[in-house]
Amino acid sequence: MDFIVKLRTFIPMNELKVTIYQHASELPPMTASNYFHSPELMELCEKTPRMKPYMAVVSLADGTVVAHMLAIVYQRRTWLPPFLYSHVRVMGEGVYHQTSGEFNAQYLFGRMAEALTERLQNHSLYIEFSHLSQKMFGYKDLKRLGFFHVKWMSIHNSLHSKTPEERIVERQQKRIEAALERGAETKLVETEEEFQEFSKLLRRHNWLKPRRYLPVDDFFKGMMKSNRCRLFITKAHDKVIGCCACVNSENDTYLWYSASLRKSYALLHPNAVTIWSAIKHAHQEGRQHFRFIDVGLPYRRNPYRDFILSFGGKEVTAFRWFRTSIRWVNAFASWWWRE
């Protein structure tokens, strides 16, 4: 499905074409250091059950790619009540190959967001844009397209100016040291047996969380083969008590999923030990930042946010943008979340 949009009046002879691709094999030549908008991730999503990728590509008349953005449709199901639905998620604002002069990133973002919304709005329960690099990025265009924004928490740890040991809260450091002395140990997943232990704990931990989407095992294995993903498990006395999945994109590491037997092994602090090991590993690999993908809403009392901040991260308020296909629900939500 093509949408032709004209550049601003100071380049009247040029036209930009926004094309939606459903298959990675059909994409024009492009590079992307941002893994969340890469042809590599698109190809992996194609092979994963209950996931459908759509890549919006902005190109010139001669085929030169100017920008692109990956949207992923997740097919979901809930048990109580029994319900099947799909939702679309876009992480970040895409990749911009030419943004100098007439190629303005905000303008290109608006055109890609419009194309994806037009294509997918009637085929999903809701569309979500998250993890935009700036709080106000795309504000005007997303409002025009009928999206409403919700304040969300974003936390990242800087790894380039100080070591993780210099940033962590002393109390959290002591807890981790005590857990290590009691026998907790974190390692990278390397064998099939370790992967199965990782998967079992992750799914057991998240099965009652309806908003949490978990891909099939082959999705994680595909990212590991491409050297994009690091899986960690924490053991104590041969029992897996914690795990997490991290994704590398550009110069940063993202904590995507985590799980632990936090209550059953409270004295071993499995969640803290696992995440701390992942942060240190990212620092050893030379990453610039360690980012937490889903911290949650900015409630005044948020135990998970306080826990994450104990590793020495920086707290930032961001926006997540939503648009539902049910008009009255979208209108009510837009009114409820108005500023």
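Please read these numbers as outputs of a predicted model, since none were measured by experiment. Only this structure's heavy atoms are used, side chains among them; waters, hydrogens and symmetry mates stay out.
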Looking at every heavy atom in both [X] and [Y], which two are closest together, and how far apart are they?
X	Y	answer
Q172	A272	OE1-CB, 3.7 Å
R119	H123	O-CD2, 3.2 Å
Y54	I20	CD2-CG2, 3.9 Å
A67	L108	CB-CD1, 4.1 Å
G146	N330	O-ND2, 2.9 Å
P39	M55	N-CE, 4.1 Å

If you measure only the distance, is there a donor-acceptor pair under 3.5 Å linking the side chains of [X] and [Y]?
X	Y	value
T163	E166	yes
R167	S161	yes
S199	R203	yes
S86	S124	no
S226	E40	yes
D294	W256	no
S133	E93	yes

Item checked: side chain to side chain contact (heavy atoms under 4.5 Å, CB included) between M30 and V57, worked out -> CA-CA 10 Å; M30 63 173 66; V57 179; 3.7 Å; yes
Linking I/L/V/M/F/W/Y whenever their side-chain heavy atoms sit closer than 4.5 Å, directly or via other members, would [X] and [Y] fall into one cluster?
X	Y	value
W336	Y126	yes
F232	Y254	no
Y257	V247	yes
F332	L125	yes
W337	W152	yes

Please check if the number of heavy atoms outside [X] that lie under 6.0 Å from its [atom1] is greater than 12.
X	atom1	result
Q196	CD	yes
K52	NZ	no
D238	CG	no
E193	CD	no
E26	CD	yes
Q288	CD	yes
K187	NZ	yes

Given side chains that start at C-beta, do those of [X] and [Y] come closer than 4.5 Å, heavy atoms only?
X	Y	answer
D218	T48	no
I72	V88	no
R320	R89	yes
V66	H97	no
V65	V58	no
F319	K151	yes
T274	S258	no
I233	E197	yes

Margin query: If we ignore hydrogens and angles and just use 3.5 Å, is the side chain of R287 paired with the main-chain N or O of E250 as donor and acceptor?
Written below: yes
Margin query: Main chain of G242, side chain of S260: is a donor-acceptor contact present, judged purely on distance under 3.5 Å?
Written below: no
Check: Is there a side chain to side chain contact (heavy atoms under 4.5 Å, CB included) between M69 and F109 once you walk through the steps?
Finding: CA-CA 8 Å; M69 176 192 293; F109 172 81; 3.3 Å; yes
Residues [X], [Y]: salt bridge by 4.0 Å N-O rule:
X	Y	value
R111	E114	yes
E128	R323	no
D252	R291	yes

Centroid separation under 6.0 Å, is that true for the rings of [Y] and [X]?
X	Y	answer
F147	F322	no
F198	F220	yes
H149	Y139	yes
Y85	Y74	no
H160	H283	no

Atom [atom1] in [X], atom [atom2] in [Y]: separation rounded to 0.5 Å?
X	Y	atom1	atom2	answer
H68	S59	NE2	OG	12.5 Å
L202	L214	CG	CG	5.0 Å
E194	T191	CD	OG1	3.5 Å
I127	L120	CD1	CG	5.5 Å
K225	L44	NZ	CG	10.0 Å
E118	L116	CD	CG	11.0 Å

Next item on the list: Could you work out the complete set of other residues in the hydrophobic cluster of I155, with links drawn between I, L, V, M, F, W and Y side chains under 4.5 Å apart?
Entry: M153, L159, I168, I176, L180, L255, V273, I275, W276, I279, F290, F292, V295, Y304, F307, I308, L309, F311
Item checked: Candidate pair K221 and E192, rule salt bridge (Lys or Arg N to Asp or Glu O under 4.0 Å), full reasoning -> CA-CA 10 Å; K221 291 180 178 179; E192 178 64 25; 3.3 Å; yes
Check: When you look at I241 and R262, which way does the side chain to side chain contact (heavy atoms under 4.5 Å, CB included) test go after all the steps?
Finding: CA-CA 8 Å; I241 60 174; R262 179 174 54 87; over 6 Å; no
Notebook entry, point to check: Which residues pass the side-chain contact (heavy atoms from CB on, under 4.5 Å) test with C229, sequence neighbours left out?
Noted result: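 Listed in chain order: M223, M224, L231.
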Note to self: Working note: V90 + H37, criterion side chain to side chain contact (heavy atoms under 4.5 Å, CB included); need CA distance, chi angles, decisive distance, verdict.
What the structure shows: CA-CA 9 Å; V90 181; H37 296 277; 3.9 Å; yes
